[in-house]
Amino acid sequence: MTPILEVEQIQTFIGQYHILHDVSLQAEQGSITALLGRNGAGKTTTLKSIMGLTPPQTGVIRFAGQRINGLRTFKIAQLGIGYVPEHRAIFRDLTVTEHLILAERKRGDLRRRGDLIFSLFPDLQRLERLLGSQLSGGQQQMLAIARALVPETQLLLIDEPSEGLAPVIIEQMMRAITALSEHTTVVLVEQNFRMASAISQAYYMLDDGRTVDHGTMTALRGNPQLIQRYLGAA
Ligand SMILES: Nc1ncnc2c1ncn2[C@@H]1O[C@H](COP(=O)(O)OP(=O)(O)OP(=O)(O)O)[C@@H](O)[C@H]1O
C-alpha cells in the first residue's frame with residue numbers, strides 16, 4: 001500500500017539554526033503514527049515542516065503521491081491536511097460554535113461534517129454556547145481537534161494532545177483519536193509514551209533533529225532499552 005504521507009530526508013533551518021538534519025517518515029492510510037523523542041528532538045518542527053510553516057531546505061515531502069514541499073501553508077491545508085498545534089490556539093471570546101464556523105473552508109462544511117465531529121466529541125454539542133475561556137483544558141483540546149476536522153481532512157497532524165490533561169481526560173482523548181483514525185490518518189507528537197503506545201500502530205524516534213529508529217509500536221514496547229535510551233523512561 002502506498003503511504004499517504006512520505007517525508008524523505010528533510011533538513012529544516014529556522015533562521016540561522018539547523019534544526020532538522022535528516023528526518024524521514026511515512027504514514028500508512030488509516031493508521032496512527034507517533035513521533036517520539038525527548039524535548040527539543042525536532043518533533044514539532046517536523047510537523048511544521050510538513051505544513052510549510054518552517055519549510056525544509058532540502059528533501060521531499062509527498063502527500064497522496066503529490067510533492068507538497070514548496071507549496072504555501074494554505075495550499076497544503078487545502079489538499080486535506082489538518083494541523084492541531086501544541087498550544088491549541090483557542091480564542092477566549094468566541095463560542096464553541098463560532099470556532100467551528102470559522103474553521104469552514106467552504107460554506108456548509110460544518111453542516112456536512114457536524115455529525116462526524118459531534119459523534120467523536122459529543123461534549124462539544126452540549127457546550128456549543130460556551131466561550132473558549134470557559135472551557136477546561138480537555139474541552140479546549142477537543143475543540144482544537146474538532147476545528148481541524150471541519151473541512152474534509154485526509155491527514156491530521158496533532159501536536160501533544162495529552163499536554164496538561166488529567167489522566168481521565170487523556171483516556172477520553174485516546175478513545176476519540178482512535179475513533180477519528182477510522183476516518184482520517186493521524187500523525188501524532190506525544191511526550192506521554194503510555195498514550196502514544198496505546199493508540200499508535202507505528203512510531204518514529206527523533207533525536208537531535210534526526211530519525212534514529214522506526215518500526216511498529218508492538219516492537220517498541222518489547223524494547224525497553226530503546227525506550228530508555230531515547231525517552232529516558234520504560
Ligand atoms: N524559532 C526557533 N528559533 C530557534 N530555535 C528553535 C526555534 N523553534 C525551535 N527551535 C529549536 O529547535 C529544536 C527542536 O524544537 P522542536 O520544538 O521541534 O522540538 P520538540 O521535539 O517538538 O520538543 P518539545 O517536545 O519540547 O516541543 C530545539 O532545540 C528548539 O530549541
Side-chain angles (χ1 to χ4, degrees), residues 3-27 31-64 66-91 99 102-103 105 140-141 143-151 153-164 177 180 184-192 195-196 200 202-212 214 230-231:
I4 189 161
L5 175 71
E6 299 163 277
V7 175
E8 286 176 11
Q9 296 186 305
I10 57 168
Q11 297 202 39
T12 298
F13 291 73
I14 300 180
Q16 70 202 63
Y17 301 103
H18 193 170
I19 308 290
L20 300 185
H21 297 267
D22 182 6
V23 171
S24 298
L25 65 99
Q26 298 192 340
S31 68
I32 303 180
T33 300
L35 300 190
L36 305 174
R38 291 181 203 273
N39 284 332
K43 305 178 298 294
T44 295
T45 308
T46 300
L47 296 190
K48 287 184 173 173
S49 297
I50 296 166
M51 288 310 294
L53 292 163
T54 57
Q57 207 160 85
T58 61
V60 178
I61 304 176
R62 283 190 212 88
F63 172 63
Q66 177 185 347
R67 186 177 169 135
I68 59 167
N69 53 308
L71 298 180
R72 302 273 296 279
T73 298
F74 77 94
K75 284 277 179 205
I76 294 172
Q78 276 173 358
L79 292 173
I81 306 184
Y83 176 48
V84 184
E86 195 171 359
H87 300 297
R88 297 163 197 165
I90 296 299
F91 298 100
H99 277 88
L102 258 187
R105 191 173 298 136
Q140 288 189 5
Q141 183 63 270
L143 178 57
I145 297 175
R147 179 170 59 181
L149 292 171
V150 171
T153 307
Q154 275 86 49
L155 171 65
L156 194 58
L157 312 177
I158 315 179
D159 201 344
E160 296 244 18
S162 78
E163 193 184 20
I177 294 174
L180 82 83
T184 304
T185 306
V186 176
V187 174
L188 178 84
V189 163
E190 194 42 79
Q191 291 275 356
N192 180 328
M195 170 173 178
S200 314
Y203 75 93
Y204 285 81
M205 190 71 77
L206 268 60
D207 191 45
D208 197 18
R210 294 172 177 83
T211 311
V212 289
H214 70 97
Y230 291 114
L231 302 176

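Just so we're clear, the structure is a prediction, and the values are computed from it rather than from any experiment.
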Could you check Leu5 against Leu25 for side-chain contact (heavy atoms from CB on, under 4.5 Å), going step by step and ending with a plain yes or no?
-> CA-CA 8 Å; Leu5 175 71; Leu25 65 99; 3.9 Å; yes

Please examine the side chains of [Y] and [X], heavy atoms only from C-beta on, and report whether any two atoms are closer than 4.5 Å.
{"X": "Ile177", "Y": "Pro161", "answer": "yes"}
{"X": "Leu188", "Y": "Ser200", "answer": "yes"}
{"X": "Leu47", "Y": "Val187", "answer": "yes"}
{"X": "Asp159", "Y": "Val84", "answer": "no"}
{"X": "Ile4", "Y": "Phe63", "answer": "yes"}
{"X": "Tyr230", "Y": "Arg38", "answer": "no"}
{"X": "Thr58", "Y": "Gln9", "answer": "no"}
{"X": "Ile61", "Y": "Ile10", "answer": "yes"}

Check [X] against [Y] and note the closest heavy-atom contact, atom names and distance.
{"X": "Leu20", "Y": "Gly42", "value": "CD2-O, 3.6 Å"}
{"X": "Pro56", "Y": "Ser49", "value": "CD-O, 3.7 Å"}
{"X": "Glu160", "Y": "Gln191", "value": "OE2-CG, 2.8 Å"}
{"X": "Lys48", "Y": "Tyr83", "value": "CG-OH, 3.6 Å"}
{"X": "Pro55", "Y": "Thr12", "value": "O-CG2, 4.1 Å"}
{"X": "Met51", "Y": "Ile81", "value": "SD-CG2, 3.6 Å"}

Donor-acceptor pair, side chain of [X] and main chain of [Y], under 3.5 angstrom:
{"X": "Asp22", "Y": "Arg210", "value": "no"}
{"X": "Asn69", "Y": "Gly59", "value": "yes"}
{"X": "Thr185", "Y": "Leu155", "value": "no"}
{"X": "Thr211", "Y": "Leu206", "value": "no"}
{"X": "Gln26", "Y": "Glu6", "value": "no"}
{"X": "Thr184", "Y": "Thr153", "value": "yes"}
{"X": "His214", "Y": "Met205", "value": "no"}

[X] atom [atom1]: more than 12 heavy-atom contacts under 6.0 Å:
{"X": "Lys43", "atom1": "NZ", "value": "yes"}
{"X": "Gln154", "atom1": "CD", "value": "yes"}
{"X": "Phe74", "atom1": "CZ", "value": "yes"}

Between Val60 and Arg67, does a side-chain contact (heavy atoms from CB on, under 4.5 Å) hold up when you go through it step by step?
-> CA-CA 7 Å; Val60 178; Arg67 186 177 169 135; 3.7 Å; yes

Rounded to the nearest 0.5 Å, what's the gap from [atom1] on [X] to [atom2] on [Y]? Could you check?
{"X": "Ile145", "Y": "Leu156", "atom1": "CD1", "atom2": "CG", "result": "7.0 Å"}
{"X": "Leu35", "Y": "Tyr204", "atom1": "CG", "atom2": "OH", "result": "9.5 Å"}
{"X": "Leu157", "Y": "Thr44", "atom1": "CG", "atom2": "OG1", "result": "11.0 Å"}
{"X": "Gln78", "Y": "Arg72", "atom1": "CD", "atom2": "CZ", "result": "11.0 Å"}

Report yes or no: do His18 and Gln11 form a side-chain donor-acceptor pair below 3.5 Å?
->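 A pair is found: one side chain offers a donor N or O, the other an acceptor, under 3.5 Å apart.
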
Between the side chains of Glu190 and Ser162, does any donor sit under 3.5 Å from an acceptor?
->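 Their side chains do contain a donor-acceptor pair, which is all the 3.5 Å distance test asks for.
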
